[in-house]
Amino acid sequence: GILLLDDPRLVLVSLRGFLAVTFLIDGIQRLASHFPPHRREQGWRQSLLGLVNVLLALMLLFGWPFSGMLLVMVIVGVRLLSSGATLLFG
């Protein structure tokens, strides 16, 4: 809490890094789980979600197209929407 009050930008950068690493790990895991032959016909949605997670992680790491709190909020929102859609329809 003290670090947040002292320098909020440092906490935001740490949060961006943490979210980027978790999105990247989750995306790679979802993409890798698509490749066994017995799950290929039903796992395309998981692969799509994995690709979205990897792209979001790269956006967080490189700060494209903008950086800051807005980027973190938009990316977390997109991740939640894509995960929810996969759970509902896949």
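Everything numeric in this text was worked out from a predicted model, so none of it was measured. Side chains included, hydrogens not; waters and symmetry mates left out as well; all remaining heavy atoms used. For this chain, numbers begin at 1 and follow the sequence in order.
- Counting side-chain heavy-atom gaps under 4.5 Å among Ile, Leu, Val, Met, Phe, Trp and Tyr, Leu49 is found in no cluster with other residues.
- The structure places CG of Leu56 at 9.5 Å from CG of Leu51, a figure rounded to the nearest 0.5 Å.
- Following chains of ILVMFWY side-chain contacts shorter than 4.5 Å, one cannot reach Leu87 starting from Leu81, and the two form parts of different hydrophobic clusters.
- Residues Phe62 and Leu19 do not share a hydrophobic cluster, defined by chaining ILVMFWY side chains whose heavy atoms lie under 4.5 Å apart.
- A continuous path of Ile, Leu, Val, Met, Phe, Trp and Tyr side chains, each step under 4.5 Å between heavy atoms, connects Leu80 with Phe23, placing both in one hydrophobic cluster.
- Between Leu58 atom CG and Leu24 atom CG the span is 6.5 Å, to the nearest 0.5 Å.
- Listed here is the closest heavy atom pair of Met59 and Ile75: CB-CD1, 3.9 Å.
- When hydrophobic clusters are built by joining Ile, Leu, Val, Met, Phe, Trp and Tyr residues whose side-chain heavy atoms come closer than 4.5 Å, directly or via intermediates, Val76 is grouped together with Val52.
- Considering CZ of Arg79 and OG1 of Thr22, their distance stands at 6.5 Å, rounded to 0.5 Å.
- Note that CG of Asp26 is 9.5 Å distant from CG of Leu31, once rounded to the nearest 0.5 Å.
- Hydrophobic clustering (ILVMFWY, side-chain heavy atoms < 4.5 Å, transitive): Val74 and Leu60 are in one cluster.
- For the atom pair Leu48 CG and Gln46 CD, the distance stands at 9.5 Å (nearest 0.5 Å).
- Across all non-hydrogen atoms, the minimal contact from Ala20 to Ala57 is O-CB, 3.3 Å.
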